[in-house]
Amino acid sequence: MKKTINHYMAAAGLAMSVLALGACNDEWDDHYDVQGIGAGGNVSLWQTITANEELTNFARVLEACGYQSKLAGDQVFTVFAPKNSGFSAQQADSVIALYEREKSKGIITKDNKAIKEFVQNHIALYNHSVAQEGKDTSIVMMNGKYLSLGYGQFAGQTLTSRNTLTKNGILFTTEQSAHYLPNVFEYLGTDAALDSLSKFLYSYNNYKFDPDQSVPGEIVDGQTTYLDSVKVLENVLLDTYFAPINNEDSTYWMVVPDNSEWERLLTQYRPYFNYNKRIASRDSLAYLYSHLFIPNGSVFSMGWNTEQSFNDSAYSVNARPYSMREKIYGFADAKYYVYDKPFEPGGAFYGAEKIQCSNGVVLKVPQWNIQPTQTFLWRIKVEAESAGYRKEYDESAGRTPTFVTVVDTSEFYNKVSNHAYLEILSQSKDSKPSVTYYIPDIFSNVPYDIKLVMAPALAGDPKATEEQRKKLLVDVTLGYEDKDGVEQTTMLKRRFECKQDVVDTIMVAENYVFETCTFEVDPQVTLKVASSGRPPGSSKDQYQTSLRIDCIILEPKVGQ
């Protein structure tokens, strides 16, 4: 947080002390301007501003935007008023015209750009004063921006008068108006070169009624009415997939593609989301995810990173801690959303234009160096022992599947994934047990290497018998729905012989491409592993039919 509770307590304390002190106090006289119209408790901020001939342009804007009543009321404010010499009549007219345009569009008052970017950028709640010997500090303005204040300056502009006390606050005057610095989210909407991204993100803006900030009135028919209904802006994409990059209390960096690069990426990503025709929302899902996964993983919290640490690696807000990566992704070395050497050639930030914002930095890049295999195109790993991925098994051909743990003293402990595997023992030499697994979240038009990892009997029992260690043949069958939503099956391996007494990684299919996407929908792709029995003409004593499956791996090849 840029602001601490102590600061707010100090501000509240200052407001109380201002009301308590009198103009006859010598120290007070030294610290505050008690001369003329600004002298103390009988004159409002609004009266003080309108009585100053050097503030007429500023006063016109306040009145046009409906702020004269606020500054004439009981609420306490600090106002930083630009003088006419630095804020011309033409500039005032421009702000007033902006206010009217925004109002005609139905934009609510607090989000009207004239209010937010000008009026509230010059007004703070509570009393704020400066001492000649004091250090520069920052204060929060009505629009939430944190602006610097010192004895000689406000927001980088020279103070021409300071600490003028009125009955409802303090007035400063400045040589020029304070520059409005947009936050990361706001900046995206101001740069024409980024409007492809901003239009997508902004389309999810939604105003929601906030009862906590609203002023309740009478209860009518059991329902509370409100004298003042306050709506707050929400954005489900920021809340769910990104970070509050519109929050002034946190600091973020965001790397963003320009419009040309955005369109190139959309062309690349759209084929990944071809849902079958039976998915009712197929078009909206394809639109959402093909757009969403371009900037997903592009926001970086400066609470997790520093500018110095960026030289080595950048952790996106989507990144998982190292200790959780194997549990989440199935691989301890999975570095999704973590980008090494981001400033070096080929790095995530390479070639970026760095744009300072009020709550961080926008890094605008003409070339997108974040590969889909670093973000959403993950290696898929299905642990065979995980019941959650198991669709079915053939009970008539084999016993109930058994979870087998590899003991840490075994030579296979670090060779078997998750130190465990699934075992289905045959009831007889003629039985052919099988098990089918769901393979989640497949993307269309992506080449996958499909691998089946088999465990040896020795991994679970160092004293495994010769019978348990015999050769094994397996059939591997893929199940999926085609583009019309019709179920299909393809046998990828038939009577494939597994290696004995080793953890055997079988390349079931290389560069296999699915025609439909199953991301976030059902049904999912399935993979069936079945014992093949024995080859024709061979002896039953040469082969076993029990299955010992470690895991299934699908590795995408895009961008590699």
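Worth saying up front: this structure is predicted, and the values here are computed from it rather than measured. Both backbone and side-chain heavy atoms feed into the values below; hydrogens, waters and symmetry mates do not.
Here K557 pairs with D449 in a salt bridge; the nearest charged N to carboxylate O distance falls below 4.0 Å. Using a 4.0 Å cut-off between a side-chain N of Lys or Arg and a carboxylate O of Asp or Glu, D333 and R379 qualify as a salt bridge. Taking a cutoff of 4.0 Å between a charged side-chain nitrogen and a carboxylate oxygen, K432 and D475 do not qualify as a salt bridge.
Applying the ring pair (Phe, Tyr, Trp, His ring centres under 6.0 Å) rule to W378 yields the partners Y329, Y336; only residues at least two apart in sequence or on another chain are considered. Q268 meets the side-chain hydrogen bond (donor to acceptor under 3.5 Å, both in side chains) test with Y272; sequence neighbours excluded. Under the rule for a side chain to side chain contact (heavy atoms under 4.5 Å, CB included), the partners of E467 that lie at least two apart in sequence or sit in another chain are K429, T465, K470. Here K199 pairs with nothing under the salt bridge (Lys or Arg N to Asp or Glu O under 4.0 Å) rule; sequence neighbours left out. Here N143 pairs with K116, Q120, N121, M141, K145, Y180 under the side chain to side chain contact (heavy atoms under 4.5 Å, CB included) rule; sequence neighbours left out.
The main-chain N or O of S546 is never found under 3.5 Å from a side-chain atom of S531 such that the two would form a donor-acceptor pair.
Smallest separation of non-hydrogen atoms from L188 and S198: O-CB, 3.2 Å. Shown here for Y187 and P182, the closest heavy-atom pair between the two residues is N-CB, 3.9 Å. The two residues P456 and R548 make their nearest non-hydrogen contact at C-CD, 4.0 Å. Nearest approach of F514 to L478, heavy atoms of both residues: CE2-CD2, 3.6 Å. Across all their heavy atoms, S444 and N274 have their closest contact at OG-N, 3.0 Å.
Using bins of under 30°, 30° to 60° and over 60° for the plane-to-plane angle, the ring pair F200/W262 lands in the tilted bin. Relative ring orientation between F185 and Y202 is described as tilted, the plane-to-plane angle lying within the 30° to 60° band. The aromatic rings of W253 and F310 lie tilted to each other, with the angle between the two planes from 30° to 60°.
The number of heavy atoms from other shown groups lying within 6.0 Å of CZ (R278) does not exceed 12. In the displayed structure, F403 atom CZ is contacted under 6.0 Å by more than 12 heavy atoms of other residues, nucleotides or ligands. The number of heavy-atom neighbours closer than 6.0 Å to NZ of K381, taken from other residues, nucleotides and ligands shown, is above 12. By the 6.0 Å contact criterion, OH on Y350 is open, its count of non-hydrogen atoms from other residues, nucleotides or ligands being 12 or less. Enclosure of atom CD in Q542 by more than 12 non-hydrogen atoms of other residues, nucleotides or ligands within 6.0 angstrom is indicated.
Between Y269 and F376, the ring centre distance stays below 6.0 Å. Between F343 and F349, the distance from one ring center to the other falls under 6.0 angstrom. The six-membered or imidazole ring of F273 lies near that of F443, with a centre-to-centre distance under 6.0 Å. When ring centroids are compared, F293 and F519 come within the 6.0 Å threshold. In this structure, the ring of Y241 has its center no less than 6.0 angstrom from the ring center of Y204.
Between N318 and S316, the side chains place a donor N or O and an acceptor N or O closer than 3.5 Å (distance only, hydrogens not considered).
Once rounded to the nearest 0.5 Å, the distance linking CG of L181 with CD of E117 reads 10.5 Å. With rounding to the nearest 0.5 angstrom, the NZ atom of K528 is 4.5 Å from the OG atom of S434. We find the NZ-CG distance between K499 and D504 to be 5.5 Å, quoted to the nearest 0.5 Å.
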Audit row: Y421, F412, ring-ring contact (aromatic ring centres under 6.0 Å, His included) steps and yes/no: CA-CA 11 Å; Y421 62 89; F412 295 99; 9.4 Å; no

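Pairs of residues two or more places apart, or lying in two chains, that qualify as salt bridge (charged side-chain N to carboxylate O under 4.0 Å, His left out) and include a residue from residues 310-325 are D312-K341.
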